[in-house]
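Note sheet for the following structure.
Read the numbers this way: they start at 1 and go in the same order the structure lists the ligands and their atoms. Worth saying up front: this structure is predicted, and the values here are computed from it rather than measured.
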Amino acid sequence: MRLLIPGCGGFIGSHFVERMLARDGVTVVGWDGETAKISHLLNHPRLVMRQRLLKGPMAYAAFEEDVASCDWIINLAAICNPSQYNTEPLRTIYANFIDGYPIVELASKYKKPLIHYSTSEVYGRTLASYVADAAYESADLYVMDAERTPMVMGPIQSQRWTYATAKQLLERLIYAYHKETGLAFAIVRPFNFFGPRMDYLPGIEGEGKPRVLAMFVAAVLRNEPMLLVDGGRARRTITSIHDAIDALVAIVDRPAQALNHFYNIGNPANEVSMRELAEGVRRAFARVSGDDRYLDHPIQEISGRDFYGEGYEDCDRRVLDISAEQARLAWTPHRGLDELLDETVRYYWQKYGARTTLRAAG
Ligand code: UGA
């Protein structure tokens, strides 16, 4: 089996490629400008790595040859960092829609099944958030079903939604190709996958504002307060990267059942507010380091505008229905929040804990 994977060098790609290369008979043809997260795999005899961006006629010609000879295309290429959606909206739209367009066209032209990684953010805000608080008692207004729930975005000036709308349009393009040309597809919407090799740790592995867990872990390692945007009221459903990879593997293993559907991939049992997540990170550091002073690591509130700049608007809550996914993929996520936080914190603790000037609070 030959898998063509644009974006193979990111967080999800690194775990998926690792898992697939462990199987005999699987060859991965990877496209990515960045390979740091897969450096441990680069010498694997069944990884054909194209360390380049999919830009320009020469790259497209080479990519087309790879499409012609592959069995599956799994598109993981994206910008998925909320701090860029309102500050670099053009780049966000290009990376998440325009750059994806030729991949969809080629999948259709060569009749290759396409697994496309989209986002849980395509739902936008919940319907419940636009009515009274009490509406959260009505599951119909907030639980996200991959093939039924409407998508609700804010106004154009709230540029947070550039990402969600670009991703949504690419989903619609794929579905249109499916209906008009017979393109076989699966669309995966990740619900906050966490694990080792997430994003980058700001101030340690790069500069900027990655997603929340990388922010919190870096803050603890650097002995700075964890910053809670808008009081940490937003809620997310947290998913272990390993449970997520199980689902992606199941799609490849069960094409007859899995293709031509949309998938919420996440663990509904792990819903937390961002304040609860920060508290969970404190506990994970205390467990992993054996030092209870981490239980008091400082937390500081900041407004969404001060943290992300103008045009930021938050998704209030992401609770997913996975009953159809469980049936089609014979898959159930089972890793709990403490387990996945411990694994992630342990990874960074072993990598950086001893080298930082860190002193636990107190
Ligand atoms: C992001 C992407 O936009 C989605 O495409 C992706 O599916 C999702 O991550 C994911 O990881 O699956 P989001 O959950 O909003 O969406 O991204 P985060 O940056 O992880 O933010 C989560 C929440 O934490 C937000 O409410 C944010 O305001 C808050 N936050 C973030 C903090 O309180 N402190 C921080 O330092 C960073």
Practice task
Assign the ring pair Tyr163 / Tyr85 to parallel, tilted or perpendicular, where the plane angle (0 to 90°) is split at 30° and 60°.
Solution key: parallel
Problem - Per-atom contacts of ligand 1 with Thr119, taking only distances under 4.0 Å to non-hydrogen atoms - result: 4 (C), 5 (O), 6 (C), 7 (O)
Exercise for the section: Give the numbers and elements of all ligand 1 atoms closer than 4.0 Å to a heavy atom of Pro190. Expected result: 7 (O), 12 (O)
Practice task
Would you please determine whether Cys315 falls within less than 4.0 Å of ligand 1 on a heavy-atom basis?
Solution key: no
Handout entry: N or O pair under 3.5 Å between Val212 and ligand 1
Key = yes
Practice task
Could you tell me whether Glu313 and Arg160 have a side-chain N and a carboxylate O separated by less than 4.0 Å?
Solution key: no
Handout entry: Under 3.5 Å: donor-acceptor pair, side chain of Ser39, backbone of Ala36
Key = yes
Fill in the blank from the handout: Near Ser120 (heavy-atom distance under 4.0 Å), the atoms of ligand 1 are 7 (O)
Handout entry: Shortest protein heavy-atom distance from atom 17 (O) of ligand 1, along with the residue and atom involved
Key = Pro82 CG, 3.4 Å
Practice task
Have a look at Met274, Arg318, Arg211 and point out the one with the heavy atom closest to atom 24 (O) of ligand 1.
Solution key: Met274
Exercise for the section: Would you check whether Leu227 has a nitrogen or oxygen atom less than 3.5 angstrom from a nitrogen or oxygen atom of ligand 1? Expected result: yes
Practice task
May I ask you to decide if Asp316's main-chain N or O and Thr126's side chain share a donor-acceptor pair within less than 3.5 Å?
Solution key: no
Handout entry: Test: Arg275 and Glu301 ion pair at under 4.0 Å
Key = yes
Exercise for the section: Give the minimum heavy-atom separation between Tyr294 and Ala286, together with the two atoms involved. Expected result: CB-N, 3.8 Å
Completion exercise
Checking heavy atoms under 4.0 Å, the part of Glu301 that sits near ligand 1 is neither
Handout entry: Charged N-O contact under 4.0 Å between Asp321 and Arg148
Key = no
Problem - Parallel, tilted or perpendicular: rings of Trp349 and Phe285 (30°, 60°) - result: perpendicular
Handout entry: Nearest-neighbour protein heavy atom for atom 12 (O) of ligand 1, which is reported as residue plus atom name and distance
Key = Asn192 N, 2.7 Å
Exercise for the section: Please indicate whether Glu310 has more than 12 foreign heavy atoms, meaning atoms of other residues, nucleotides or ligands, lying under 6.0 Å from its CD. Expected result: no
Exercise for the section: May I ask you to check whether over 12 heavy atoms, not counting those of Tyr60, lie within 6.0 Å of atom OH? Expected result: yes
Fill in the blank from the handout: Min over Tyr163, Tyr117, Tyr308 of heavy-atom distance to atom 5 (O) of ligand 1 lands on Tyr163
Exercise for the section: Tell me, please: is Gly232 in heavy-atom contact with ligand 1, that is, under 4.0 Å? Expected result: no
Exercise for the section: Would you mind telling me which of Lys351, Arg197, Lys37 makes a salt bridge (charged side-chain N to carboxylate O under 4.0 Å, His left out) with Glu205? Expected result: Lys351
Fill in the blank from the handout: Quick note on ligand 1: atoms under 4.0 Å from a heavy atom of Leu228 include exactly 33 (O)
Practice task
Give the ring-plane orientation class for Tyr263 versus His261, where under 30° counts as parallel, over 60° as perpendicular and anything between as tilted.
Solution key: perpendicular
Problem - Atoms of ligand 1, numbered as shown, that sit under 4.0 Å from any heavy atom of Tyr312 - result: 25 (C), 27 (C), 28 (O)
Problem - Closest protein heavy atom to atom 33 (O) of ligand 1, given as residue, atom name and distance to 0.1 Å - result: Val229 N, 2.9 Å
Problem - Shortest protein contact, atom 26 (O) of ligand 1 (heavy atom only) - result: Asp314 OD2, 2.5 Å
Exercise for the section: Going by the salt bridge (charged side-chain N to carboxylate O under 4.0 Å, His left out) test, name the single residue among Glu171, Glu147, Glu121, Glu325 that passes it with Arg189. Expected result: Glu171
Completion exercise
Residue, atom and distance of the protein heavy atom nearest atom 15 (O) of ligand 1 read Arg236 NH2, 2.8 Å
Problem - Interfacing atoms of ligand 1 (cut-off 4.0 Å, heavy-atom, Tyr85) - result: 2 (C), 3 (O), 5 (O)
Exercise for the section: State whether Tyr130 and Arg125 meet the cation-pi test: NZ (Lys) or CZ (Arg) under 6.0 Å from the six-membered ring centroid, and within 45° of the perpendicular axis. Expected result: yes
Problem - Which of the ligand 1 atoms, numbered from 1, are nearer than 4.0 Å to a heavy atom of Ala234 - result: 26 (O)
Problem - Shortest protein contact, atom 16 (O) of ligand 1 (heavy atom only) - result: Glu121 OE1, 3.1 Å
Exercise for the section: Could you establish whether Lys167 and ligand 1 come within less than 4.0 Å of each other, counting only heavy atoms on the residue side? Expected result: no
Practice task
Check each atom of ligand 1 against the heavy atoms of Cys80 and keep those under 4.0 Å away; list them by number with element.
Solution key: 2 (C)
Handout entry: Test item, Phe307 contacting ligand 1 (heavy atom, 4.0 angstrom)
Key = yes
Exercise for the section: Look at ligand 1 and say whether Gln300 reaches it with a heavy atom at a distance under 4.0 Å. Expected result: no
